Structures are given as structure tokens and as C-alpha cells.
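In what follows, every heavy atom counts, from backbone to side chain, and hydrogens, waters and symmetry copies are set aside. This one's a predicted model, so the numbers in the text were calculated from it and none came from an experiment. Sequence positions, counted from 1, serve as the residue numbers for this chain.
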Amino acid sequence: MKRSYKFGVLLVILGGLFWASSGVMAESLFKKGYSVDWVSFYRLFLTGLILALFSSTKNNMRIFRDKKEVLSLLLFACFGLLLTQFAYFKAIAYIDAGTATMIQYSAPIFIMLIICLKSKILPKKLDVLALVILLIAMFFLAFKGEFSLQKLNFWGLFWGILSAFGVVYYSLGARKIMLKYGVIFVMAYASLIGAIILFILLLGKIPSYNFTFLEYGTMFGIVFVGTILAFSLYLKGLEIIGALKASMIACIEPVAAAFMTFLFLGTTYSFVDIFAFCLIIFSVFLNSKSR
């Protein structure tokens with residue numbers, strides 16, 4: 001194995017680990033009473049501001065002269081970035097970072113279905129099997145092994161699946177403007193737009209929090225380590241080893257999130273939870289092999 005390939009694999013692994021850590025850090029803030037809405041806002045705003053400082057050029061700013069490109073950016077900001085991050089944090093608040101990350105990790109299966117529908121082709125046998133396995137896993141996670149409506153965590157599952165659909169748009173939308181202006185630039189302004197939309201929806205009522213040094217550090221970790229650094233490392237690794245292998249290696253992300261949630265927050269998982277996690281990872285693996 002060449003050194004460059006090994007380096008690419010390492011970057012993808014680190015990117016996955018850092019992204020998983022953002023969910024765990026966010027959950028630690030939610031447990032202390034911090035609002036999902038405002039943690040999401042600060043993450044989007046600070047990430048967008050920092051990335052914009054490094055990626056804005058005169059050539060890139062031309063995007064705002066083209067109505068179609070502006071619309072593409074707005075749609076990506078709303079249904080890609082904002083939906084992905086906000087719904088993911090809401091899912092964490094209702095369940096936990098490990099389970100929420102596992103559910104969000106199912107996005108490639110939904111991407112496969114959408115591509116099949118758009119292309120008017122039938123999914124392959126492995127894809128159908130992956131979808132069935134995924135549905136079984138979701139069923140187990142919803143009821144936690146106790147098949148009673150009283151045990152159904154509806155909102156946790158709802159926000160988790162919604163975050164997965166956010167990832168679908170995040171992956172398929174705005175491809176043209178990303179190729180034209182660069183991923184970092186599009187991410188920067190989509191983050192800022194997402195933050196502005198969230199600020200308007202929250203009516204600008206910023207709650208007064210007495211952040212401790214540790215909580216400032218946690219917010220710093222969510223923005224710099226769990227978002228900017230995770231995103232940059234993963235993209236660079238993907239560039240070296242390719243999208244297919246990167247997506248398969250990225251299965252470390254939900255596993256790491258579950259382990260870190262157990263290690264740092266004391267969250268315990270039942271046998272049914274672990275079994276469902278394994279089914280989700282296996283379904284995504286089958287889908288990757290099919291592609």
C-alpha cells in the first residue's frame with residue numbers, strides 16, 4: 001500500500017472520528033440545558049464566517065449575480081446544510097448521539113432509491129436487500145426491543161430520518177455550483193444563509209447563557225474540530241482514495257459516536273440497539289458493494 005493511499009485512509013478515519021465527536025459534544029451541552037436551536041445557530045454561523053474568510057474571492061462572489069445559482073445555493077442551505085445539522089442535533093436531544101449518527105448514516109440507501117427513481121431503473125438485488133435490512137434496523141431502534149407503542153421514540157426516529165434526508169440533498173444538490181466555485185466556498189455561504197434563516201425562525205431571541213470555560217471549549221470543539229477540521233480532512237482523504245472506499249471507511253463514524261457517547265456521557269446500549277447498529281452498517285456496506 002502506497003504511503004499516499006495510507007495517508008488518505010488516515011485522513012478519512014480522522015474526519016469520521018472528528019465528525020462523530022461533534023454529536024457527542026453537542027449532546028453534552030443539551031444535557032446541561034442548552035437549546036438545540038441556538039447550538040445549531042452558533043455552529044452554522046461560526047463555521048460559515050470562518051470558511052468565508054478563507055474562501056471568498058472576487059471570482060467566487062460572481063455567484064450572487066446569477067439568479068439560478070443563488071437559488072441553488074439557497075436550496076442547498078435550507079434542505080441540505082440546515083436540515084442535516086439541525087435535524088441531527090434534534091435527534092440527539094431526543095435519543096443520543098450514537099443512535100442519531102447511526103440513523104443519519106443510512107442516507108446512502110435513500111440516495112440509491114432516489115437515483116433509481118430519477119434514472120427509471122430498478123434497484124439491484126443487493127440494494128433491495130440493503131433497504132430491507134435498513135427498515136428492520138429502524139424498527140428495532142424505534143421500539144428498543146419492546147414492541148409497544150408506549151416505547152416508541154417517534155420524535156427521535158423522525159428527526160434522525162429527517163437528518164438522513166438532509167444528507168441526501170447535501171450529497172446530490174448544488175453539485176454544479178460546487179464544481180464551479182469550490183466546495184468550501186459553497187459550504188461557507190450556505191452555512192451563513194442557514195444561520196440567518198434559523199435566526200429569523202427563532203425571532204432573534206438569543207437566550208443568555210453563562211458559559212463556563214469548559215462549555216466555551218465544547219462549542220469551539222463542535223465548530224473547529226467536529227465541523228471544519230472533520231469536513232476538510234474527509235474531503236482531502238476522499239480526493240486521495242476515492243468516494244467509494246471513503247464511504248466504506250466512514251462506517252467508523254457512527255461506531256465512534258456510539259462508543260464516545262458510552263465512554264464520556266455514560267449512555268448504555270442494549271443488545272437490540274447494538275444489533276440494529278450492525279444491521280445499518282451492513283446495509284450501507286451492501287449498498288456500497290452494489291455501486
Side-chain angles (χ1 to χ4, degrees), residues 12 15-16 19-20 23 76 79-92 94-145 152-175 230-231 234 238 241-258 269 272-291:
V12 170
W19 185 264
F76 178 71
F79 301 108
L81 210 57
L82 178 57
L83 187 61
T84 297
Q85 296 193 18
F86 181 71
Y88 175 54
F89 277 1
K90 289 290 281 188
I92 289 171
Y94 279 101
I95 35 180
D96 60 81
T99 307
T101 309
M102 285 287 176
I103 296 172
Q104 191 183 61
Y105 187 67
S106 64
I109 309 296
F110 298 121
I111 290 171
M112 173 271 296
L113 288 174
I114 289 170
I115 289 173
C116 286
L117 285 171
K118 286 183 70 175
S119 305
K120 296 180 181 179
I121 57 172
L122 291 172
K124 297 177 183 178
K125 290 180 181 178
L126 279 182
D127 293 326
V128 174
L129 179 60
L131 179 62
V132 171
I133 292 171
L134 175 65
L135 292 174
I136 293 170
M138 293 297 181
F139 179 78
F140 282 129
L141 286 179
F143 289 96
K144 297 287 184 181
L152 175 64
N153 192 332
F154 172 79
W155 287 111
L157 194 64
F158 170 80
W159 287 110
I161 292 174
L162 202 60
S163 74
F165 276 104
V167 173
V168 172
Y169 197 93
Y170 182 94
S171 303
L172 299 178
R175 293 173 73 93
F231 177 72
Y234 181 81
L238 183 146
I241 68 174
L244 181 59
K245 289 182 179 177
S247 66
M248 293 175 74
I249 294 168
C251 71
I252 193 172
E253 180 189 320
V255 175
Y269 298 101
V272 173
D273 292 329
I274 295 169
F275 179 63
F277 292 169
C278 292
L279 288 179
I280 291 173
I281 292 169
F282 183 56
S283 69
V284 175
F285 176 78
L286 286 177
N287 180 243
S288 299
K289 290 291 285 183
S290 175
R291 285 183 294 169

Quick one: [atom1] on [X] to [atom2] on [Y], what's the gap to the nearest 0.5 Å?
X: L83; Y: F76; atom1: CG; atom2: CZ; result: 11.5 Å
X: M102; Y: E253; atom1: CE; atom2: CD; result: 9.5 Å
X: I111; Y: S106; atom1: CD1; atom2: OG; result: 9.5 Å
X: L122; Y: K124; atom1: CG; atom2: NZ; result: 12.0 Å
X: L131; Y: M112; atom1: CG; atom2: CE; result: 5.5 Å
X: I114; Y: F165; atom1: CD1; atom2: CZ; result: 6.5 Å

Residue pair F140, L279: steps toward the side chain to side chain contact (heavy atoms under 4.5 Å, CB included) verdict: CA-CA 10 Å; F140 282 129; L279 288 179; 4.2 Å; yes
Relative to the ring of W155, is the ring of F158 parallel (under 30°), tilted (30 to 60°) or perpendicular (over 60°)? perpendicular
Considering all heavy atoms of both residues, which atom of [X] and which atom of [Y] are nearest to each other, and what is their separation?
X: V168; Y: A107; value: CG2-O, 3.8 Å
X: G15; Y: A230; value: O-CB, 3.5 Å
X: M138; Y: I103; value: CE-CG2, 3.7 Å
X: A91; Y: A100; value: CB-CB, 3.8 Å
X: A257; Y: A20; value: N-CB, 3.7 Å
X: P254; Y: Y105; value: CG-CG, 3.8 Å

Kindly check if the number of other-residue, nucleotide or ligand heavy atoms within 6.0 Å of [atom1] ([X]) is above 12?
X: F275; atom1: CZ; result: no
X: F110; atom1: CZ; result: yes
X: I121; atom1: CD1; result: yes

Within the side chain of T84, is there an N or O that forms a donor-acceptor pair under 3.5 Å with the backbone of G166?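 It does hold such a pair.
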L286 pairs by side chain to side chain contact (heavy atoms under 4.5 Å, CB included) with which of I109, D127, L126? L126
Under the criterion side chain to side chain contact (heavy atoms under 4.5 Å, CB included), which of I133, L134, I136 is the partner of I280? L134
Flag the pair [X] / [Y] as yes when at least one side-chain heavy-atom distance between them is below 4.5 Å, and no otherwise.
X: Y94; Y: W159; result: yes
X: Y88; Y: T101; result: yes
X: I161; Y: Q104; result: no
X: L141; Y: T99; result: yes

What about the rings of F277 and Y269, do their centers lie closer together than 6.0 Å? yes
Aromatic centroids of Y170 and F79 separated by under 6.0 Å: no
Among all residues two or more places apart in sequence or in another chain, which pass the side chain to side chain contact (heavy atoms under 4.5 Å, CB included) test with C278?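 C278: side chain to side chain contact (heavy atoms under 4.5 Å, CB included) contacts with I274.
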